[in-house]
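Values below: all heavy atoms of this structure, side chains included; hydrogens, waters and symmetry mates excluded. Everything quoted here is computed from the prediction, not taken from an experiment.
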Amino acid sequence: MNKNWKKRLICWAIPLAVGGLAALLSGGMSSYRTLNQPPLSPPGWVFPIVWTVLYLLMGEASYRVLVSDKDATQIKKALIAYGIQLFLNFLWPLFFFGGQLYLTSFFVLLLLWVAILLTLRRFSQIDEPAGDLLIPYLLWVTFAGYLNFGVFLLN
């Protein structure tokens with residue numbers, strides 16, 4: 001297998017593994033169905049589909065940055081920002097589903113949103129399509145913030 005394909009697969013696997021581990025540790029979405037939800041809340045089956053697509057987009061974006069021929073320091077800073085946002089992404093379901101700490105999880109989501117924006121900007125400076133791949137993620141987390149805050153208010 002081509003060396004770059006191995007890197008690509010690893011880059012895809014990292015966010016998928018982080019998301020899977022967070023789902024496992026948080027107990028999944030079983031409690032979501034019992035919550036009072038704000039208008040526009042999608043059915044529970046939508047979330048794993050959307051997150052799988054977003055994790056693959058994140059992985060592809062990180063791969064494009066990793067194999068870029070740009071300055072190594074710039075790449076390192078971008079990947080550190082990516083790691084920070086991935087860590088916040090991991091924490092959110094632990095607070096929301098695992099701890100049912102809806103206000104705390106909302107603030108984690110706000111930090112995540114800022115971290116995604118920073119990552120998007122750093123990725124775009126290295127490879128514009130890599131930054132573009134994070135736009136759906138930023139939009140979904142914006143929507144998730146609305147849902148999260150709505151759950152906080154209604155429960």
Side-chain angles (χ1 to χ4, degrees), residues 1-29 32 40-99 101-102 104-151:
M1 182 181 273
N2 180 311
K3 183 178 177 183
N4 280 345
W5 272 104
K6 288 179 186 177
K7 285 182 183 178
R8 178 175 266 141
L9 289 175
I10 290 168
C11 286
W12 290 349
I14 290 170
L16 288 168
V18 167
L21 182 60
L24 182 69
L25 293 176
S26 68
M29 291 188 53
Y32 180 76
L40 305 176
S41 294
W45 61 265
V46 169
F47 293 97
I49 295 169
V50 170
W51 277 110
T52 299
V53 170
L54 294 174
Y55 287 138
L56 289 171
L57 291 174
M58 290 165 55
E60 182 63 19
S62 69
Y63 167 76
R64 292 182 65 93
V65 168
L66 180 66
V67 300
S68 168
D69 59 359
K70 299 288 182 170
D71 175 65
T73 302
Q74 189 179 11
I75 291 170
K76 182 178 179 180
K77 286 180 181 178
L79 292 175
I80 288 171
Y82 176 72
I84 291 168
Q85 71 77 28
L86 201 54
F87 178 70
L88 291 167
N89 181 300
F90 172 79
L91 288 179
W92 181 84
L94 300 178
F95 286 107
F96 188 87
F97 296 112
L101 300 168
Y102 305 126
T104 302
S105 62
F106 177 73
F107 287 114
V108 171
L109 206 60
L110 291 177
L111 291 173
L112 173 59
W113 193 93
V114 171
I116 295 167
L117 185 61
L118 176 64
T119 303
L120 188 155
R121 291 183 66 198
R122 288 187 185 264
F123 276 24
S124 292
Q125 292 169 349
I126 294 167
D127 179 76
E128 191 170 338
D132 292 345
L133 286 168
L134 296 181
I135 292 171
Y137 178 33
L138 185 66
L139 294 173
W140 181 257
V141 169
T142 302
F143 180 60
Y146 157 76
L147 294 175
N148 186 152
F149 196 70
V151 165

Kindly check if the number of other-residue, nucleotide or ligand heavy atoms within 6.0 Å of CD (Glu128) is above 12?
-> no

Atom CD1 in Ile84, atom CG in Leu112: separation rounded to 0.5 Å?
-> 11.5 Å

Any side-chain heavy atom of Leu134 within less than 4.5 Å of one from Leu57?
-> no

Answer yes or no: is there a side-chain heavy-atom contact under 4.5 Å between Leu109 and Phe96?
-> no

Taking all non-hydrogen atoms of both residues, which atom of Ser26 and which atom of Leu94 are closest, and how far apart?
-> N-CD2, 3.8 Å

Check side chain to side chain donor-acceptor pair (under 3.5 Å) between Tyr137 and all other residues, then give those that pass, not counting sequence neighbours.
-> Gln85, Asn89

Where is the tightest heavy-atom contact between Leu66 and Lys7, given as atom of each residue plus distance?
-> CD2-CD, 4.3 Å

Which heavy atom in Asn4 sits nearest to a heavy atom in Val67, and how many Å separate them?
-> OD1-CG1, 4.0 Å

So how far is it from Leu16 CG to Leu56 CG, rounded to the nearest 0.5 Å?
-> 5.0 Å

For Ser62, enumerate each residue passing the side chain to side chain donor-acceptor pair (under 3.5 Å) test, keeping only those at least two apart in sequence or located in another chain.
-> none

Just by modelled atom types, is the Phe95 backbone N or O under 3.5 Å from a matching donor or acceptor in the Ser105 side chain?
-> no

Could you tell me if the ring centre of Trp12 sits under 6.0 Å from that of Tyr55?
-> no

Would you call Phe87 and Val18 a side-chain contact if the rule is heavy atoms closer than 4.5 Å?
-> no

How far does CG of Leu120 sit from CG of Asp132, to the nearest 0.5 angstrom?
-> 7.5 Å

Supply the atom-to-atom distance Leu91 CG to Thr104 OG1, rounded to the nearest 0.5 angstrom.
-> 11.5 Å

Show your working on side chain to side chain contact (heavy atoms under 4.5 Å, CB included) between Met58 and Leu86 and close with a plain yes or no.
-> CA-CA 9 Å; Met58 290 165 55; Leu86 201 54; 3.4 Å; yes

For Tyr63 and Arg8, which heavy atoms make the closest approach, and how far apart are they?
-> CE2-NH2, 3.1 Å

Rounded to the nearest 0.5 Å, the CD1 atom of Ile135 sits from the CD1 atom of Ile116 at a distance of 12.0 Å

Quick one: NZ on Lys77 to CG on Asp71, what's the gap to the nearest 0.5 Å?
-> 8.5 Å

Which heavy atom of Ser68 sits nearest a heavy atom of Ile126, and at what distance?
-> OG-CG2, 3.3 Å

Would you call Asn148 and Trp92 a side-chain contact if the rule is heavy atoms closer than 4.5 Å?
-> yes

Between Phe106 and Phe149, how do the two ring planes meet: parallel, tilted or perpendicular, split at 30° and 60°?
-> tilted

Is atom CZ of Phe143 surrounded by more than 12 heavy atoms (other residues, nucleotides or ligands) closer than 6.0 Å?
-> yes

Tightest non-hydrogen contact, residues Gln125 and Gln74, listed as CB-NE2, 3.6 Å

